[in-house]
There are 2 protein chains.
Amino acid sequence: MGEVVITTGGQTRGDRVRAASKQRRSLQKQELRRLILAAAAELFLEHGYEHFSMRQVAERIGYSATTIYLYFEHKDDLLFEVVSDGWQRFSDDLLAAAAATDDPLERLQAMGRVYVSFGLNNPAVYGLMFVQRTDFLMHENLHSKGKPVDLFVVLCDAVQAAVDAGIFPPGDVVGYGDAIWAGVHGIVTLCPSLFDDERRQRAVEIVLRMTLDGLRAR
Amino acid sequence: MGEVVITTGGQTRGDRVRAASKQRRSLQKQELRRLILAAAAELFLEHGYEHFSMRQVAERIGYSATTIYLYFEHKDDLLFEVVSDGWQRFSDDLLAAAAATDDPLERLQAMGRVYVSFGLNNPAVYGLMFVQRTDFLMHENLHSKGKPVDLFVVLCDAVQAAVDAGIFPPGDVVGYGDAIWAGVHGIVTLCPSLFDDERRQRAVEIVLRMTLDGLRAR
DNA sequence: TTTTTTACTTATCAGTGTTAAGTACAAGAT
DNA sequence: ATCTTGTACTTAACACTGATAAGTAAAAAA
């Protein structure tokens, strides 16, 4: 039987009910997706990359393991979403540090300190981004603002500014950037079992002084 | 029945046969152990840390998987033996570089280059030593000569020599060492998927110049 | 010749990522 | 109100993983 046609701008009551129902269920799906993501992030922080499992995520939120596959293509997809959030925070921090001062040298120092801070305060996420799954860095779905490549450009811009100001000698700007990056990355990842944070903090300052002074034109 | 006693210095023929047999079987065991180790090293290089499995090792040499457990306590034990060999080569290289010259700065440069070379030429082993399984560095069974701690001491000695020679200013020698280590370690581990070897080579030279010049007394 | 030891294998357990098939219920159509 | 379709989820299963216990055939020792 045809439904009772009470037209309201070409839309029947049935149409509106259908649309509302559809939207409600869509919201429920989104909510479960967020629930999975939150549980995944928690468990990742608790157990680390190597002992992170789909089944545990499912168990924590009270669903069967296969349900997750209705919301995420595969484990990597879920992990990527986890890291994606961490990446956003990282790039926010770094961009803020870069924007805080106009002095080229101070800017580079600030960026270096923020970089290391993030790495030491978020070791699991940092590891996922820059150690275990560097392939994620090339993932196209990484938030448009603050892509890894863009952040490296920000670093190189800061280096270029130092060159322009006559602080660094003209030369291989990208190479300078690589070297600075290597320094801070080295600090963050150097043998977590051997170095305590205090020793790391001392090392950061030395690395910053060394790298930046080392480039300094004489 | 008692054996025919043909004494030869208190040793019966039976004793000698027994001893020889025992030795022969002991040699066979050693040989199989080496075979397992060789296969493990191969497969580790082929498949990397994450996809290295006991069953594959067993299959390659034509034994059941459980046999390996008669020769190695567990997977970690086998992996440790693999890395142990790599570690020996690494420390040989580094000590040779340190002994090659008396000039403090040249020595540090040489050590840095050798460090990075080893890392880039043996990425799997380097990763096992300094990234995935840094806990192995504290393993007591690491060959007595060239322990990680000893190598760091060698580095610090070189730094101290530079300080004594008036090249570096007096200060936190261990911190200097950490910083130099962080630099070369950073180069080796920086996003393998993003950097080709050519770009890395340029970065090494810059890092060495930066770190060493940066420490230089003015 | 009988017993014991050695070297190895098969069967098994608990866990992993992932897919296919099945199920219960809600939505939509007539 | 009934029938059909689709949605959201589950159970069962596959092919792996590290690891252990129990079993077996042959060699050594008695």
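Naming: A, B, ... by sequence-line order, numbering from 1 per chain. Treat the numbers as computed from the prediction; the structure is a model and nothing was measured.
Comparing the axis of the opening five pairs of the helix from C:dT1-D:dA30 to C:dT30-D:dA1 with that of the closing five pairs yields an angle of 30°, rounded to 10°.
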Per-nucleotide protein contact string for nucleotides 13-19 of chain D (B base, S sugar-phosphate only, - none; heavy atom under 4.0 Å): B---BBB
Could you pull out every donor-acceptor pair under 3.5 Å between side chains of residues 31-39 of chain B and any protein atom, sequence neighbours left out?
residue	atom	partner	partner atom	Å
B:R33	NH1	B:Y71	O	3.2

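A centroid separation of less than 6.0 Å is found between the aromatic rings of A:F80 and A:H139.
Partners of A:H47 by ring pair (Phe, Tyr, Trp, His ring centres under 6.0 Å), not counting sequence neighbours: none found. Looking at residues two or more places apart in sequence or on another chain, you find a side chain to side chain donor-acceptor pair (under 3.5 Å) between B:D76 and B:R133. For B:D172, the salt bridge (Lys or Arg N to Asp or Glu O under 4.0 Å) test picks out A:R202, with sequence neighbours left out. In this structure, the ring pair (Phe, Tyr, Trp, His ring centres under 6.0 Å) partners of B:Y126, at least two apart in sequence or on a different chain, are B:Y115, B:F130, B:H185. Partners of B:F72 by ring pair (Phe, Tyr, Trp, His ring centres under 6.0 Å), not counting sequence neighbours: none found. Here B:F195 pairs with A:W181 under the ring pair (Phe, Tyr, Trp, His ring centres under 6.0 Å) rule; sequence neighbours left out. Remark: B:A179 engages A:I206, A:V207, A:M210 in a side-chain contact (heavy atoms from CB on, under 4.5 Å) (not counting sequence neighbours).
Phosphate proximity of D:dC9 to A:Y71: present, with a side-chain N or O under 4.0 Å from OP1 or OP2.
The interatomic distance linking B:E50 (CD) with C:dT16 (P) rounds to 16 Å, in whole Å. Computed from coordinates, the A:L70 CG to D:dG6 C1' distance equals 14 Å when rounded to whole Å. In this structure, NZ of A:K29 is placed 7 Å from P of D:dC9, rounded to the nearest angstrom. One can place OH of B:Y63 at 17 Å from C1' of C:dT10, the figure rounded to the nearest angstrom. As a whole-Å value, the separation of A:L27 CG from D:dA8 P is 12 Å. In this structure, A:F72 places its CZ atom 13 Å from P of D:dC9, rounding to the nearest Å. Protein atom CD of B:Q30 is 16 Å distant from nucleotide atom C1' of C:dA7, rounded to whole Å. For the pair A:L78 CG and C:dT18 C1', the interatomic distance rounds to 14 Å; values are reported in whole Å.
For residues 112-121 of chain B, every residue pair satisfying the salt bridge (Lys or Arg N to Asp or Glu O under 4.0 Å) rule, not counting sequence neighbours, is listed here: B:R113-B:E205.
Closest to the A:T67 side chain, of the nucleotides D:dC9, C:dC8, D:dA8, is D:dC9.
Atom CD1 of A:I68 sits about 11.5 Å away from atom CG of A:D77, to the nearest 0.5 Å.
Interface residues of residues 35-47 of chain A facing DNA chain C, ordered by number: none; criterion, heavy-atom separation under 4.0 Å.
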